[in-house]
Amino acid sequence: MPMTERVRLLRQQSLDTRETLSAERAELLTAFYRQQTGLRSTQVQRAEAFAYLLEHKTVCINPGELIVGEKGPAPKAAPTFPELCCHSLEDLDILNAREKTAFEVSPETRQVYAGDIIPYWRGKSMRELLFQEMTPEWVAAYKAGIFTEFMEQRAPGHTVMDDKIYHEGLLDFQARIDVQLAALDYFNDSEAYARQEQLKAMRIAAGALIRFAERHAVEALRLAAVEANPQRKAELLHIAEVCTHVPAHAPRDFWEALQMYWFVHLGVTMELNTWDAFCPGRLDQHLQPFYERGIAEATLTREGAEELLQCFWVKFNNQPAPPKVGVTAAESGTYTDFAQINIGGVRPDGSDGVNEVSYLLLDVVEEMRLLQPSTSLQVSKKNPDRFIKRAARILRTGFGQPSLFNADLIAQELVRMGKSVTDARCGGSSGCVEVGAFGKENYNLTGYFNLPKVLELTLNNGMDPRTGAQLGLATGDPRSFQTMEALLDAFARQVRYFVDIKVRGNAVIERLYARYMPCPFLSLLIDDCITTGKDYHDGGARYNTTYIQGVGLGTMADALTALQYHVFDKRTLSTGELLAALAQNFEGEERLRQRLLQRTPKYGNDDDYADGLMTRVFEIYYDAIEGRPNTKGGRYQINLLPTTCHIYFGSVTGATPDGRLATTPLSEGISPVQGMDRHGPTAAVRSAAKMDHVRTGGTLLNQKFTPQVLAGEEGLDRLVQLVRGYFNLDGHHIQFNVVDAATLRAAQRNPEQYRNLIVRVAGYSDYFCDLSEALQEEIIARTAHEGL
Amino acid sequence: MLTGTIFNIKRYALHDGPGIRTTVFLKGCPLECWWCHNPESQAPETELLVRANRCTRCGACVEICPQDAIYLEATTSMTDRTRCERCGRCVEICFSGARDLAGREISLVELLREIERDTPFYDTSGGGVTFSGGEPLLQAEFLAAALRACREWEIHTVVDTCGYAPWEAFEGLRRDVQLFLYDLKLLDDDRHVRYTGVSNALILRNLRILSERGARIIVRVPLIPGVNDDVESLQQLGAFMASLPQRHPVELLRYHDIAGAKYAALGREYLLAGVPVPAPEALEAVCRTLEACGIEVRLPQ
């Protein structure tokens with residue numbers, strides 16, 4: 001269905017509105033904390049702060065919209081979270097002026113920060129506390145770019161809604177809380193008081209959101225009273241009715257279901273700036289009953305449902321990711337906040353999950369072509385080819401959505417980590433590619449890990465050549481290594497050493513959040529926080545997984561392959577010669593560099609020689625992390641994804657033995673080094689499938705195609721078959737860029753004409769023109785597969 | 001040990017038969033078509049390719065050539081092909097990719113391992129292997145053995161042939177070929193000789209016998225402007241096809257001129273230089289002419 005005039009306007013408004021930084025939340029929060037005098041538990045205080053925010057923040061109902069509520073006072077006005085990261089005036093100036101992903105900071109906002117917010121929060125924010133608590137080794141490794149820290153500016157998030165809010169209203173949640181409160185065992189449970197405070201906090205938080213919705217109902221009535229257009233007047237009156245019913249009660253129809261989710265979404269993302277923006281998860285399955293009932297009772301049409309969904313889409317696009325600075329901006333340099341709506345897959349009973357709403361959602365994706373929300377296809381062997389082909393038709397237009405996930409493998413990954421089969425089937429992928437049991441798991445990404453940098457340290461006996469500092473272990477002069485095994489062993493020890501530093505830091509950071517930053521509203525939503533009376537940050541969730549995300553697998557594979565091939569097998573190059581060339585960034589050694597680039601087996605070509613070393617690196621990384629306990633009763637797992645961190649990590653890493661020059665990007669995800677996969681997409685995906693994806697919590701593979709390859713019905717069929725083939729080999733995720741280099745070059749020259757050109761980056765899509773120049777070049781350099 | 005000479009293996013080949021395929025290009029061809037877009041496929045022996053536009057004039061090839069056959073000119077390295085013994089030393093040292101050897105020997109086992117790799121995708125797409133060239137039947141014994149093995153492994157087989165081979169060669173392998181892509185250029189034999197170097201009598205006879213024996217065949221016609229795209233040539237072709245024991249579909253292959261650079265890289269002249277690529281509408285007319293003869297026509301993607 002073509003967009004209605006209403007949707008066209010809302011969409012255009014969303015596209016045209018510039019991102020601004022709003023001080024409203026910071027001001028309200030500061031006012032709240034300033035008036036705190038008496039003693040109360042942190043949980044209750046956080047809940048009261050949340051209630052204060054929702055009671056006082058600006059209520060915004062935009063002209064024409066059907067789904068209401070903004071995180072800030074207006075579309076794209078991003079709130080800040082000074083309790084976590086209090087931006088300095090310098091930060092604000094950078095945010096305002098930087099070329100990419102800027103946020104306009106008005107003089108008034110700057111003034112409020114200078115006069116009120118900074119003076120109050122300086123020395124009190126989580127970010128400052130966190131850095132103070134880290135060991136010197138941690139700080140040194142962080143500064144050197146060996147790993148990043150997700151929690152330094154944003155709160156742990158990475159969870160997704162399941163279906164419970166479509167069956168229960170928040171009043172029902174409160175009733176469940178009351179049952180738990182009444183059942184607390186003060187005689188035998190030393191934690192009873194702590195549980196009581198947590199439950200009270202959750203109860204307050206639930207009431208706060210109901211009140212927030214009521215304020216929207218009041219505003220809608222006010223607008224209706226002055227509305228001249230009778231149709232709009234009726235809509236506003238209906239909005240008032242919807243906002244009175246949800247989220248207090250379970251939704252009764254399709255419209256209320258969407259509004260229910262949206263209020264919950266706002267609650268989660270206003271309470272804390274959780275990583276990955278929260279997400280409705282398996283939206284097609286959640287909406288199906290409402291859709292079918294509406295159609296059957298003739299209270300809903302397909303067109304009406306589509307328009308509501310389009311309005312819902314605009315709401316996501318109106319919320320840029322929280323303003324990030326420093327390393328966090330470098331590792332995740334995008335406005336996208338990674339809500340990833342899952343479509344397809346299987347139902348909780350294991351049957352085919354594709355339904356009419358699945359196709360409806362794909363229509364909406366194609367029609368809206370917005371940055372947010374992102375969408376993914378959960379491809380099960382039980383889903384029909386027609387479903388994948390429908391998505392491939394959207395992919396062919398060059399829009400990097402939806403991404404493709406192996407639903408059957410994801411369930412297997414989750415079960416391997418200890419979830420029940422049903423919880424696993426209700427899960428899926430979120431953020432970039434990471435997996436979790438929706439509504440029941442706290443699965444935290446804690447930071448990226450720079451594998452090639454650790455190789456660089458290994459090749460320098462633990463010293464960082466960039467600074468001369470001895471950061472790592474002294475694992476020996478690599479010139480003395482007689483075998484590849486000796487080198488791999490040294491590398492494995494270094495990896496383990498830095499993982500230990502990271503895990504130790506995480507153990508502290510997890511406790512900081514549990515103690516100082518409880519999130520009673522989010523805890524309401526995630527099982528089993530109510531039954532255990534524990535916060536989401538404190539192990540209240542049924543499952544608690546900690547991830548550390550490995551970056552640069554392709555670069556690692558090729559670097560080790562070059563060493564194995566030239567130094568240890570062919571013996572045409574000595575380690576000393578290679579190290580000397582690396583130290584000079586190959587200056588005066590172009591022939592050697594070309595030999596490494598052009599005459600060396602490369603990962604991504606279905607060549608076991610190079611792919612075998614890729615799997616060695618995978619196993620080393622896996623062994624260093626897998627199964628280690630976290631502080632929430634859960635365990636560590638690995639995943640392999642970069643967002644934009646491969647650019648940042650590349651910038652701090654010297655030349656590598658694969659011929660890569662210093663400071664240039666690393667490979668992204670598990671993709672081959674850019675331009676090095678030269679035997680077509682089947683060879684590339686076969687290489688990628690040689691690691692055991694089952695033992696990860698997500699891997700990311702990007703492939704680029706020229707549009708001609710996907711031409712015609714046959715081109716689409718082949719793409720579907722390629723995906724099926726990769727998933728039969730237990731690949732986790734694959735995504736395609738379908739755009740030719742000439743178009744991307746043109747966009748670099750004339751960004752104004754290509755403002756809406758969206759490309760796949762790594763686990764998410766972004767406006768090409770918003771990407772850093774290094775990232776633009778990196779995407780252009782990826783191999784474009786052509787048909788014969 | 002059986003070995004063959006190939007010049008390329010292409011995976012994810014989408015236009016050489018059904019599904020996702022691996023196409024094996026065998027080297028050597030009895031024809032020398034003017035428009036051949038793989039001129040390096042024609043000679044049975046290894047050949048040196050030099051792409052002048054990629055040459056950086058680094059001089060590494062000049063230093064290493066044992067025959068002193070290479071020298072530098074203003075913009076590129078030059079090779080005296082009368083002295084070159086195609087040892088490949090200059091190719092190994094050439095990192096800009098300007099120098100390449102077309103053709104390498106491959107054992108049957110090595111080839112089968114390569115073919116087998118994409119089985120997961122043959123399975124999902126109904127694809128398989130395509131033997132193309134050059135003319136694959138020029139290496140009939142090797143080809144027959146490869147086809148036999150592929151059939152034993154349940155891999156779908158296609159042979160792309162120009163048809164110019166003794167019937168015995170076809171007879172020896174036709175049962176292991178699930179689909180022939182049979183190239184047909186011209187019915188007029190004088191013109192066939194002129195443009196391809198050989199008579200078409202053997203080609204037409206083999207096609208008729210294959211059709212008679214029940215082979216599955218798609219006839220592929222490269223449409224070359226001014227050579228075989230006139231109404232008369234097409235009607236002759238249509239009439240011949242209508243006279244075959246089976247009705248075989250025709251797949252039209254569009255002429256393109258990107259092969260020119262390859263001729264230069266081989267130090268050869270491209271005889272069709274300057275011939276314009278026909279407009280897409282021209283194909284429609286060709287279709288109608290052939291369809292009027294009762295032939296099913298498939299257009300290129």
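Sequence lines set the chain letters: A, B, ... in the order given, protein chains first and strands last, and positions in each chain run from 1.
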Q) Side chain, backbone, both or neither: which part of A:N728 has an atom under 4.5 Å from a heavy atom of chain B? A) side chain
Q: Tell me, for A:L722 versus chain B, whether the close heavy atoms (under 4.5 Å) come from the side chain, the backbone, both or neither.
A: both
Q: Can you tell which part of A:Q721 gets under 4.5 Å to a heavy atom of chain B, answering side chain, backbone, both or neither?
A: both
Q. How about B:R54 and B:T76: does a side-chain donor come under 3.5 Å of a side-chain acceptor?
A. no
Q. Tell me, side chain or backbone of A:V685 under 4.5 Å from chain B's heavy atoms, or both, or neither?
A. side chain
Q. Between B:T161 and B:E135, is any side-chain donor less than 3.5 angstrom from a side-chain acceptor?
A. yes
Q.
Quick check on the interface: out of A:Q598, A:R718, A:R724, who has the most heavy-atom pairs with chain B under 4.5 Å?
A. A:R718
Q) So, A:N383 and A:S380: side-chain donor and acceptor under 3.5 Å apart, yes or no? A) no
Q. Among A:R686, A:K690, A:R616, whose side chain to side chain donor-acceptor pair (under 3.5 Å) with A:D611 holds?
A. A:K690
Q | Structural part of A:R599 lying under 4.5 Å from a heavy atom of chain B | A | side chain
Q: Decide side chain to side chain contact (heavy atoms under 4.5 Å, CB included) for B:R99 and B:I70; before the verdict, give the C-alpha distance in whole Å, the side-chain angles of both, and the deciding distance to 0.1 Å.
A: CA-CA 12 Å; B:R99 291 176 168 266; B:I70 309 177; 3.4 Å; yes
Q. Which one of A:T682, A:V723, A:D385 has the most heavy-atom pairs closer than 4.5 Å to chain B?
A. A:T682
**Q.** Pair A:E413-A:H732, side-chain donor/acceptor within less than 3.5 Å
**A.** yes
Q. With a 4.5 angstrom heavy-atom cut-off, which part of A:R593 approaches chain B: side chain, backbone, both or neither?
A. neither
